[in-house]
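Everything numeric here is computed off the predicted structure, so don't read it as measured data. Lettering of chains follows the sequences in order, A, B, ..., and the numbering in each one begins at 1.
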Number of protein chains: 2
Amino acid sequence: MTTKTSAAVCIDGWSGDLDTCPVRQVLDRIGDRWSLLLLLTLKDAPHRFNALGRAIPDISRRMLAGTLKTLEADGLIWRSVEATTPPSVTYGLTARGLSLIMALGPLVEWAFAQAPAILADRRRAGGAVSGVAIAP
Amino acid sequence: MTTKTSAAVCIDGWSGDLDTCPVRQVLDRIGDRWSLLLLLTLKDAPHRFNALGRAIPDISRRMLAGTLKTLEADGLIWRSVEATTPPSVTYGLTARGLSLIMALGPLVEWAFAQAPAILADRRRAGGAVSGVAIAP
DNA sequence: CTGGATCCACCAGGATACTG
DNA sequence: CAGTATCCTGGTGGATCCAG
């Protein structure tokens, strides 16, 4: 979502730049490799920096720090620093972050319900499409 | 989502590979630059190939063709070929594609409702986080 | 322990040209 | 009209080293 665009459509009649469409911006954020995963990890309980790293073993420290910063800038998570030595930083969900997770609920259910069928279709891709058409 | 992972967490206690998590797969698909846009364009009515290109001016033919193929392989859209000369190919939503759009509804509403506040927070990023914390 | 800074590999995706 | 093939660039993100 870095390229300049000039499309006049997006969603629900959104008629501005593609890059200013709210839905696009949200998907750009949670659609990346780590944001959603972090949000869902923090849903259960606040975590410290390295605890998050352990909960998501394959994230690099760079992406962990960067993604957390972005999520905080968006007000989706909070960050609390204990000025001890060594320092201890804790992250947790904000109300806004929680509301996002709630809004994701139906999508999550859909994903779990449809995943097997989609994977089956994808496997025999190239053949006829199996989905029932809305229009002929 | 091309990198091999071995994480043991994902969503709702999903305990397989990150890459096999249904929600990750769905987000990988609709989170890309064009899929959701195409789905929403097709929601209103079926479109022909070049009509889609005109509805979304800044998509390249390569990405248009590629994204359509993937969406079809996942059974989210159907593809109908008229063997005329010149050929005419029409795309439209399947029932599954429509159900995905429905599942996206709450997220879309959330995005529109939260976008202004998020952008405001993002602008003065670096300052204190404004979201109300769930936990202190 | 919690990051920032830097270097670099990889690949998604745009431009262009060509085919059925 | 509806794609496919090829080349090439720029951004994403991993690895590594450094700092508070």
Side-chain angles (χ1 to χ4, degrees), chain A residues 1-7 18-19 24 27-38 42 46-73 77-92 125-126, chain B residues 1-7 18-19 24 27-38 41-42 46-73 77-92 125-126 129:
Chain A
M1 196 54 71
T2 52
T3 317
K4 282 290 162 255
T5 67
S6 58
L18 233 57
D19 294 345
R24 297 294 300 175
L27 286 177
D28 275 354
R29 182 57 37 88
I30 66 166
D32 72 10
R33 191 162 176 68
W34 306 116
S35 292
L36 180 56
L37 218 41
L38 282 172
L42 291 176
H47 284 66
R48 292 181 44 182
F49 187 84
N50 277 351
L52 287 169
R54 262 172 277 123
I56 307 173
D58 48 349
I59 191 175
S60 66
R61 287 215 305 293
R62 192 175 93 93
M63 290 314 296
L64 181 53
T67 306
L68 286 171
K69 182 185 278 188
T70 308
L71 290 174
E72 187 200 2
I77 64 175
W78 49 261
R79 177 176 182 270
S80 166
V81 183
E82 296 271 329
T84 57
T85 52
S88 160
V89 182
T90 307
Y91 296 89
Chain B
M1 197 54 71
T2 52
T3 317
K4 283 288 162 255
T5 65
S6 59
L18 232 59
D19 294 346
R24 297 294 300 175
L27 286 177
D28 275 354
R29 182 56 39 86
I30 66 166
D32 72 11
R33 192 163 177 68
W34 306 116
S35 293
L36 181 55
L37 219 42
L38 283 172
T41 303
L42 292 176
H47 284 65
R48 292 178 47 180
F49 187 85
N50 278 350
L52 286 170
R54 262 173 275 121
I56 307 173
D58 48 350
I59 191 175
S60 65
R61 287 219 302 295
R62 194 175 91 92
M63 290 316 295
L64 180 53
T67 307
L68 286 171
K69 184 183 281 187
T70 309
L71 290 174
E72 187 199 3
I77 65 176
W78 50 261
R79 177 176 183 272
S80 164
V81 183
E82 296 271 329
T84 57
T85 51
S88 160
V89 182
T90 307
Y91 295 88
V129 175

Side chain to side chain contact (heavy atoms under 4.5 Å, CB included) between A/Leu68 and A/Trp34, worked out = CA-CA 9 Å; A/Leu68 286 171; A/Trp34 306 116; over 6 Å; no

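For the pair B/Arg33 CZ and C/dA12 C1', the interatomic distance rounds to 11 Å; values are reported in whole Å. If you measure from atom CE of A/Met63 to atom P of D/dG11, you get 15 Å, rounded to the nearest angstrom. Note: CZ (A/Arg61) to P (D/dA15) measures 11 Å, nearest angstrom. Per the geometry, NE2 belonging to A/His47 stands 17 Å off C1' belonging to C/dC1, to the nearest Å. Regarding A/Asn50, its CG atom lies at a distance of 9 Å from the P atom of C/dG3, rounded to whole Å. In this structure, the CG atom of B/Leu64 is 8 Å from the P atom of D/dG3, given to the nearest Å. Between the CG atom of A/Asp32 and the P atom of D/dG11 there is a distance of 17 Å, rounded to whole Å. In this structure, CZ of B/Arg48 is placed 7 Å from C1' of D/dC1, rounded to the nearest angstrom.
Nearest-nucleotide mapping onto DNA chain D: of A/Pro87 and A/Ile59, the residue sitting toward the 5' end is A/Ile59. The nearest heavy atom of DNA chain C to A/Arg62 and to A/Leu68 marks one nucleotide each, and the one closer to the 5' end goes with A/Leu68.
Candidate nucleotides D/dA2, D/dC1, D/dG13 were compared by shortest atom distance to the side chain of B/Pro86, and D/dC1 ranks first.
In terms of phosphate contacts, B/Tyr91 brings a side-chain nitrogen or oxygen within less than 4.0 Å of OP1 or OP2 of D/dG3. Put simply, B/Lys69 has no side-chain N or O that comes within less than 4.0 Å of OP1 or OP2 on D/dG3.
At least one side-chain heavy atom of A/Leu36 sits less than 4.5 Å from a side-chain heavy atom of B/Arg24.
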